Every structure is written in structure tokens, then in C-alpha cells.
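In this chain, numbering begins with 1 at the start of the sequence shown. What you see is a predicted model; the values in this text were computed from it and never measured.
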Amino acid sequence: MLSGPRSGRLAAWVNALLAGLVSPDDAVLAVVGEDAVHRVEGLPGEPAPVGLTLALGRLRALGVTGLRVALPVPGHPLGLSGPPEFNARALEVEEAVVCEGAAFGLVPEVREAGPEGDVHVEVVWHCLPVREAPPADVPSLGEAERELAEALREATEVLTRLDVAGSGPVAEAAIDAYRARAAASRGLEVLAPGYPPRAVRVLELAQRVGALVALAEGGGHGGAVSASEMAARAVALRPVERTARRAQVAAYNSVVEARGV
């Protein structure tokens with residue numbers, strides 16, 4: 001599977017849990033994935049971090065009815081609604097979830113622990129107050145799908161024009177690895193139960209467009225042999241990357257939108 005943000009996994013599986021489609025144990029296992037453990041810090045009434053299972057029950061008791069994803073970057077606060085403290089923490093790691101039904105948000109902090117060769121990942125979700133307001137710049141699922149189709153055409157034209165694949169074995173190996181990841185992801189579950197097929201389709205395409213942009217930006221010089229040409233490539237692909245992030249957020253948030261939460 002083309003990897004998605006931890007905030008996406010958390011939102012998707014908690015939304016399925018809140019809809020009664022999965023058990024708490026299954027939801028927690030899916031959210032944690034290959035990480036060692038997830039905890040939540042800053043929950044009202046909890047003086048210390050608590051495990052994810054307890055945290056999800058507490059959030060439900062506090063009135064949370066759904067989770068939305070935010071994938072902001074500097075200059076584009078996608079999915080955020082404030083206040084500044086929460087926005088700043090979300091921008092620092094470029095992801096967060098925002099609760100519906102209660103004015104809280106969760107921002108992940110990823111920590112590595114253990115000796116060399118046996119490092120494991122621990123995630124602490126910081127629970128912070130959020131402003132109850134419409135999230136910034138989030139499209140509908142239909143809008144996101146239409147924008148993605150155009151973005152994919154633009155990305156293909158840019159990559160062809162700049163000859164990203166023309167720099168020899170390093171770039172070719174990167175493209176082969178991307179194709180292998182895309183092929184391996186076919187047929188695998190990218191969202192939790194309860195999401196419509198259209199959301200799955202949009203998320204898969206958004207992740208692949210994002211991977212292509214990352215390849216173009218970091219997978220070798222390609223035909224852009226000068227610093228100015230590399231800068232031009234980054235500028236040309238920036239709107240495509242923005243569209244891919246918007247589409248991911250639309251896909252993750254689609255069941256909350258559909259329920260009118």
C-alpha cells in the first residue's frame with residue numbers, strides 16, 4: 001500500500017468504530033499498524049498519557065461523533081480552523097485530526113526508542129482545544145476527484161517536459177520502485193469499513209499523484225541539470241501536490257461529510 005499519514009489511519013478507523021462497523025480492538029490494531037504503541041496526552045480528566053483504547057472511549061464520552069483529517073503545510077492550512085496554538089503544532093508535523101461533536105484536536109508526535117538495530121516507534125497524540133469553525137480549503141469528494149484528474153494530466157506533462165526519467169539508473173530505479181508500490185497496493189484496503197468506493201478511488205489516486213511529485217522533487221535531477229531548472233520543476237509541481245493533499249483530506253473526511261456530522 002502507498003503509505004498514508006497516521007492522522008488518516010486514526011480518522012478512518014475511529015470513524016468506522018463510531019459507526020459501529022469495527023470493534024475497538026480492531027480499530028486500535030489498524031491505527032497502530034507497525035508502530036509499537038500509541039498514547040494520547042492531554043485528555044480532559046487524565047493527568048497522564050493513556051492508551052489508545054481508553055482514549056477513544058473517553059473521546060466518545062466527551063461527545064466526539066467523528067474525526068476529520070488536516071494535512072497543512074506552511075502557506076496552506078488545509079483542514080485547520082484554529083486556534084493558533086493548535087495550528088502551529090499541526091503545521092510543524094504537517095498533519096492532525098479534528099474532532100466533530102467536541103472542540104478537540106489531536107496532533108501526533110513520533111518518537112523512536114531502543115538500541116540501534118532494534119528501534120521501535122512510539123506515537124503520542126497531543127489533545128488540544130480547537131476552534132469550532134469550518135476547516136480551511138477542504139473540497140467535496142466530487143470536487144477532489146475532478147481536480148485530481150486535471151492534476152494528473154498536469155503532472156504527466158511537467159514530468160515529460162522536464163524529462164525526470166532521463167538521468168540514468170538512479171531515477172529509473174526510483175520510478176521502478178514507485179511502480180512496484182502502486183502495483184502492490186491494488187486490491188488492498190486503503191480505508192476502513194464504511195467508506196464508499198469513490199473515496200477509496202480518490203485516496204489511491206491522490207497518494208499516487210503525491211508519490212510522483214515526491215519522486216520528481218527528490219528522485220534525481222532528471223533533465224533539469226541546473227539549479228534554476230530544478231526550481232522551475234518544483235514551482236510547476238506545487239499546485240499538483242496541493243491538489244493531491246486536498247484530495248486525501250476529502251477522501252478521509254467523506255464519511256463524516258456524508259453523515260452530516
If Ile, Leu, Val, Met, Phe, Trp and Tyr residues are connected whenever their side-chain heavy atoms lie under 4.5 Å apart, and connections chain through other members, are [X] and [Y] in the same group?
| X | Y | answer |
| --- | --- | --- |
| Val130 | Leu91 | yes |
| Leu128 | Leu56 | no |
| Val32 | Val110 | yes |
| Val31 | Leu106 | yes |
| Val124 | Val93 | no |

**Message:** Walk me through whether Leu78 and Val138 qualify under side-chain contact (heavy atoms from CB on, under 4.5 Å).
**Reply:** CA-CA 7 Å; Leu78 176 61; Val138 177; 4.2 Å; yes
So, for [X] and [Y], which heavy atoms are closest and what is the spacing to 0.1 Å?
| X | Y | result |
| --- | --- | --- |
| Arg131 | Pro84 | NH2-CD, 4.0 Å |
| Gly79 | Val98 | O-CG2, 4.1 Å |
| Val97 | Phe86 | O-CZ, 3.8 Å |
| Pro193 | Ala16 | O-CB, 3.5 Å |
| Val202 | Ala247 | CG1-O, 3.7 Å |
| Ser254 | Ala199 | OG-CB, 3.4 Å |

**Message:** Using side-chain contact (heavy atoms from CB on, under 4.5 Å), reason through Arg246 and Asp137 one step at a time and then give a plain yes or no.
**Reply:** CA-CA 8 Å; Arg246 278 167 47 86; Asp137 198 33; 2.7 Å; yes
**Request:** Please name all residues satisfying side-chain hydrogen bond (donor to acceptor under 3.5 Å, both in side chains) with Glu122, sequence neighbours left out, ordered by chain then number.
**Result:** His120
Is it true that a side-chain atom of [X] and a backbone atom of [Y] form a donor plus acceptor pair closer than 3.5 Å?
| X | Y | answer |
| --- | --- | --- |
| Glu95 | Pro5 | no |
| Thr65 | Glu100 | yes |
| Ser81 | Pro135 | no |

Reported [atom1]-to-[atom2] distance for the pair [X] and [Y], which is rounded to 0.5 angstrom:
| X | Y | atom1 | atom2 | value |
| --- | --- | --- | --- | --- |
| Arg146 | Ser140 | CZ | OG | 6.0 Å |
| Leu205 | Gln248 | CG | CD | 10.5 Å |
| Leu80 | Arg89 | CG | CZ | 13.5 Å |
| Arg68 | Ser7 | CZ | OG | 14.5 Å |

**Prompt:** Please, which pairs that meet side-chain hydrogen bond (donor to acceptor under 3.5 Å, both in side chains) have at least one residue in residues 32-42, sequence neighbours excluded?
**Reply:**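 Checked against side-chain hydrogen bond (donor to acceptor under 3.5 Å, both in side chains) - neighbours excluded - the pairs reaching residues 32-42 are Arg6-Asp35, Asp35-His38, His38-Trp125, Glu41-His126.
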**Asked** Does the side chain of Leu191 reach to within under 4.5 Å of the side chain of Leu203, using non-hydrogen atoms?
**Response**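 Yes, close enough: below the 4.5 Å cut-off.
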**Asked** Taking atom CD of Glu92 as the centre, does the number of heavy atoms from other residues, nucleotides or ligands within less than 6.0 Å exceed 12?
**Response** no
**Request:** Establish, from distance only, whether the side-chain atoms of Asn15 and Tyr195 form a donor-acceptor pair under 3.5 Å.
**Result:**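 Asn15 vs Tyr195: donor-acceptor pair found between side chains.
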**Message:** Using side-chain contact (heavy atoms from CB on, under 4.5 Å), reason through Arg245 and His76 one step at a time and then give a plain yes or no.
**Reply:** CA-CA 10 Å; Arg245 280 189 299 105; His76 186 206; 2.8 Å; yes
**Message:** Applying side-chain contact (heavy atoms from CB on, under 4.5 Å) to Leu67 and Val256, what does each step give before you reach the verdict?
**Reply:** CA-CA 7 Å; Leu67 294 184; Val256 176; 5.9 Å; no
Show me, pair by pair, the donor-acceptor contacts under 3.5 angstrom made by side chains of residues 18-29, not counting sequence neighbours?
from, atom 1, to, atom 2, distance (Å)
Ser23, OG, Asp26, N, 3.1
Ser23, OG, Asp26, OD2, 3.3

